[in-house]
2 protein chains.
Amino acid sequence: MTQQSNPRTTYRHGDLRRALIAAGTELAREGGPDAVVLREVTRRAGVTPNAAYRHFADKSALLWAVSLAAQSRLAAAMEEEQSAIDDDDGARLGNVGLARAKLRAVGAGYLRFAQTEPGLFRTAFANHIDLRDAAIEDSAGPHGRTPFQLLSDALDALVDAGVLPVDRRPGAEFVAWSAVHGLAMLVIDGPLRGLDADQRLSAAGRLLEMVEKGI
Amino acid sequence: MTQQSNPRTTYRHGDLRRALIAAGTELAREGGPDAVVLREVTRRAGVTPNAAYRHFADKSALLWAVSLAAQSRLAAAMEEEQSAIDDDDGARLGNVGLARAKLRAVGAGYLRFAQTEPGLFRTAFANHIDLRDAAIEDSAGPHGRTPFQLLSDALDALVDAGVLPVDRRPGAEFVAWSAVHGLAMLVIDGPLRGLDADQRLSAAGRLLEMVEKGI
DNA sequence: AGATAAAAGTAAACAGTGTCAACAATTGTG
DNA sequence: CACAATTGTTGACACTGTTTACTTTTATCT
């Protein structure tokens with residue numbers, strides 16, 4: 001499985017940069033950021049190790065690109081969770097209920113992705129990711145919004161609906177994000193790894209409840 | 001700085017296991033879990049690389065031991081933060097105020113340690129740390145309580161003081177822990193690395209407020 | 001006290017890693 | 001069509017974790 005299937009016939013690869021990111025993403029999916037090792041990535045792309053240096057300055061530059069890809073998938077998971085609401089019971093909940101549900105969906109999508117794709121999730125937040133990266137197109141989901149932007153949007157909607165006071169808006173993303181991120185990390189990688197599915201679910205629900213109440 | 005000062009004269013080291021953990025802890029302090037590399041650890045202990053295998057099955061076994069040491073220091077930081085209250089204004093706050101302050105101190109100590117010793121903090125929660133490790137003596141602080149136990153104690157006190165309903169007690173450590181842990185991770189390692197001291201402090205205060213309110 | 005077994009350190013080697021410098025094939029451009 | 005830039009390759013280097021075999025010291029048992 002380490003050899004690529006079509007051993008390229010042309011000298012040039014054609015789209016190596018993309019291929020490297022794809023292979024790196026696959027490795028990250030299987031084993032997290034530490035599993036994306038340069039030589040294996042190039043091996044999977046059917047190319048010599050040093051070929052990577054024509055497209056990335058560094059291993060860490062490659063990892064950074066993979067990180068953006070992982071964030072993009074996270075955004076997709078969050079959007080998916082959001083779109084599950086407004087189809088069915090859009091009008092049933094009031095304006096405020098819907099705003100609340102959207103924020104909750106952001107958190108639920110975040111947590112679901114972390115547990116469904118722990119390798120990618122850990123890679124998304126590995127090594128020197130910056131808040132400025134939240135504005136980079138490569139880390140956006142299907143609708144062109146990054147995970148951080150999706151959270152911001154949800155919080156803005158909460159203000160518009162009159163649920164969240166305007167003066168509590170600034171900095172709100174930090175605490176909401178922290179809560180959800182912490183649970184995700186503890187559950188997939190940390191000391192709460194031992195929790196079974198039920199416990200995880202109830203902890204997740206309880207946490208989102210805390211965010212709604214205490215934000 | 002890589003060579004040790006007293007190049008041991010005896011064939012036996014005498015206390016190599018401890019020395020390896022100490023050197024590993026120092027490396028972790030400087031550069032996090034990835035910086036604790038077996039060969040450098042043995043180098044600092046003035047011993048051959050393979051000597052480590054007489055005391056640890058693995059590199060990861062060594063890292064695990066270092067992890068416990070890091071947790072112990074975290075516990076110390078938390079206790080320190082707690083002891084800063086009951087000295088001065090112990091009686092001024094009521095029973096409930098004091099219970100609240102103690103929980104807040106747990107979180108504040110956690111966050112302070114994460115920012116003061118990011119390398120150790122990351123090491124404390126690296127690679128396969130389990131909840132069961134929270135019962136191991138080596139990870140306890142000066143008063144013999146591990147970080148997790150300190151949190152549990154604070155929550156119990158909150159119940160005793162009548163602040164936290166008994167039926168909300170189970171699982172409370174998970175959400176409280178998650179919130180604080182998430183902020184710590186985002187700030188020292190993640191996308192919130194860019195925040196300056198003021199922003200961090202206000203985010204921390206806001207977060208602890210959320211935990212109190214929403215737990 | 002002396003043989004002998006266990007414990008603790010050393011030596012040499014191996015596969016695997018990231019990266020650098022020099023070289024070769026391909027493609028684009030004047 | 002010459003020639004320069006781009007893209008891959010080769011070979012090497014220092015470094016890592018780990019294994020296997022060996023040596024030196026310490027503890028144990030009669």
Side-chain angles (χ1 to χ4, degrees), chain A residues 1-4 6-28 30-67 119 123 126-128, chain B residues 1-4 6-28 30-67 119 123 126-128:
Chain A
M1 275 309 274
T2 240
Q3 197 89 340
Q4 85 155 13
N6 335 8
R8 157 181 53 101
T9 159
T10 57
Y11 181 77
R12 296 302 240 285
H13 179 286
D15 200 9
L16 183 53
R17 186 189 154 87
R18 209 171 306 272
L20 291 175
I21 295 181
T25 303
E26 184 54 30
L27 284 171
E30 294 164 1
D34 289 342
V36 32
V37 26
L38 196 142
R39 289 182 108 108
E40 177 65 20
V41 167
T42 56
R43 225 171 275 139
R44 295 198 178 192
V47 101
T48 285
N50 292 337
Y53 287 88
R54 300 295 166 191
H55 300 273
F56 298 98
D58 236 15
K59 175 198 163 166
S60 87
L62 167 60
L63 187 59
W64 182 75
V66 173
S67 215
T123 307
N127 244 8
H128 303 266
Chain B
M1 278 311 276
T2 241
Q3 197 89 340
Q4 85 156 15
N6 336 9
R8 160 179 52 100
T9 159
T10 57
Y11 181 77
R12 297 297 240 274
H13 179 286
D15 200 9
L16 184 54
R17 187 189 153 87
R18 208 172 306 271
L20 292 175
I21 295 180
T25 304
E26 183 55 29
L27 284 171
E30 294 164 3
D34 289 342
V36 32
V37 26
L38 196 141
R39 288 183 108 107
E40 176 64 18
V41 168
T42 56
R43 226 172 274 138
R44 295 199 177 192
V47 102
T48 287
N50 293 339
Y53 287 87
R54 300 293 165 190
H55 301 272
F56 298 97
D58 234 18
K59 174 197 164 168
S60 88
L62 167 59
L63 188 59
W64 182 75
V66 173
S67 216
T123 306
N127 241 6
H128 303 266

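Residue numbers begin at 1 in each chain, while the letters A, B, ... track the order of the sequences.
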Side chain to side chain contact (heavy atoms under 4.5 Å, CB included), that's the test. Do A/Asp58 and A/Leu63 meet it? Break it down for me. CA-CA 9 Å; A/Asp58 236 15; A/Leu63 187 59; over 6 Å; no
Quickly work out the B/Leu16 CG to C/dT10 P distance and round it to whole Å. 9 Å
Which nucleotide in C/dG18, C/dT10, D/dG8 has an atom nearest any side-chain atom of A/His55: D/dG8
Provide, to the nearest angstrom, the distance between the CZ atom belonging to B/Arg43 and the C1' atom belonging to C/dT10. 16 Å
Atom CG of A/Asp34 and atom P of C/dG16: how far apart are they, to the nearest Å? 18 Å
With rounding to the nearest 0.5 Å, note down the distance linking CD in A/Glu26 to CD1 in A/Ile21. 14.5 Å
Identify, between B/Ala52 and A/Thr10, the residue whose nearest nucleotide on DNA chain C lies closer to the 5' end. B/Ala52
Within residues 18-27 of chain A, which residues have any heavy atom lying less than 4.0 Å from an atom of DNA chain D? none
Hey, are the side chains of B/Thr42 and B/Leu20 touching, using non-hydrogen atoms and a 4.5 Å cut-off? yes
Report the distance from atom CG of A/Leu63 to atom C1' of C/dG18, rounded to the nearest whole Å. 13 Å
D/dT16 P sits how many Å from A/Leu38 CG, rounded? 18 Å
For nucleotides 21-23 of chain C, which of its nitrogen or oxygen atoms have a protein nitrogen or oxygen under 3.5 Å away, and what is each distance?
| from | atom 1 | to | atom 2 | distance (Å) |
| --- | --- | --- | --- | --- |
| C/dA21 | N6 | A/Asn50 | ND2 | 3.2 |

List the atom of B/Ala57, the atom of B/Ala61, and the distance in Å for their closest heavy-atom pair. N-CB, 4.0 Å
Closest contact, heavy atoms only, B/Pro33 versus B/Gly119: CD-O, 4.2 Å
With no hydrogens and no angle check, is any side-chain donor or acceptor of A/Thr48 less than 3.5 Å from a backbone partner on A/Asn50? no
Once you round to the nearest 0.5 Å, how far does NE2 of A/His55 lie from NE2 of A/His13? 8.5 Å
Of D/dG8, C/dT10, C/dT17, the nucleotide closest to the side chain of A/Arg39 is C/dT17
Donor-acceptor contact present, side-chain B/Thr123 to main-chain B/Ser67, <3.5 Å: no
Shorter than 3.5 Å, N or O on both sides, protein versus nucleotides 3-5 of chain D: list them out with atom names.
none

Report the nucleotide, chosen from D/dT18, C/dG18, C/dG9, that has the shortest atom-to-atom distance to any side-chain atom of A/Tyr53. C/dG18
Within this structure, what is the CZ-CG distance for the pair A/Phe56 and A/Leu62, rounded to the nearest 0.5 Å? 5.0 Å
To the nearest Å, how far apart are A/Phe56 CZ and C/dG18 P? 14 Å
B/Lys59 versus B/Val41: any side-chain heavy-atom pair under 4.5 Å? no
Taking the side chain of B/Arg8 as its heavy atoms from C-beta onward, which of C/dT17, C/dT10, D/dT9 lies nearest to it? C/dT10
Strictly distance-based, threshold 3.5 Å: is any side-chain N or O of A/Arg8 a donor or acceptor partner for the main-chain N or O of A/Tyr11? yes
Round to the nearest Å and state the distance from B/Lys59 atom NZ to C/dT17 atom C1'. 12 Å
Do the non-hydrogen side-chain atoms of B/Leu27 and B/Arg44 ever get within less than 4.5 Å of each other? yes
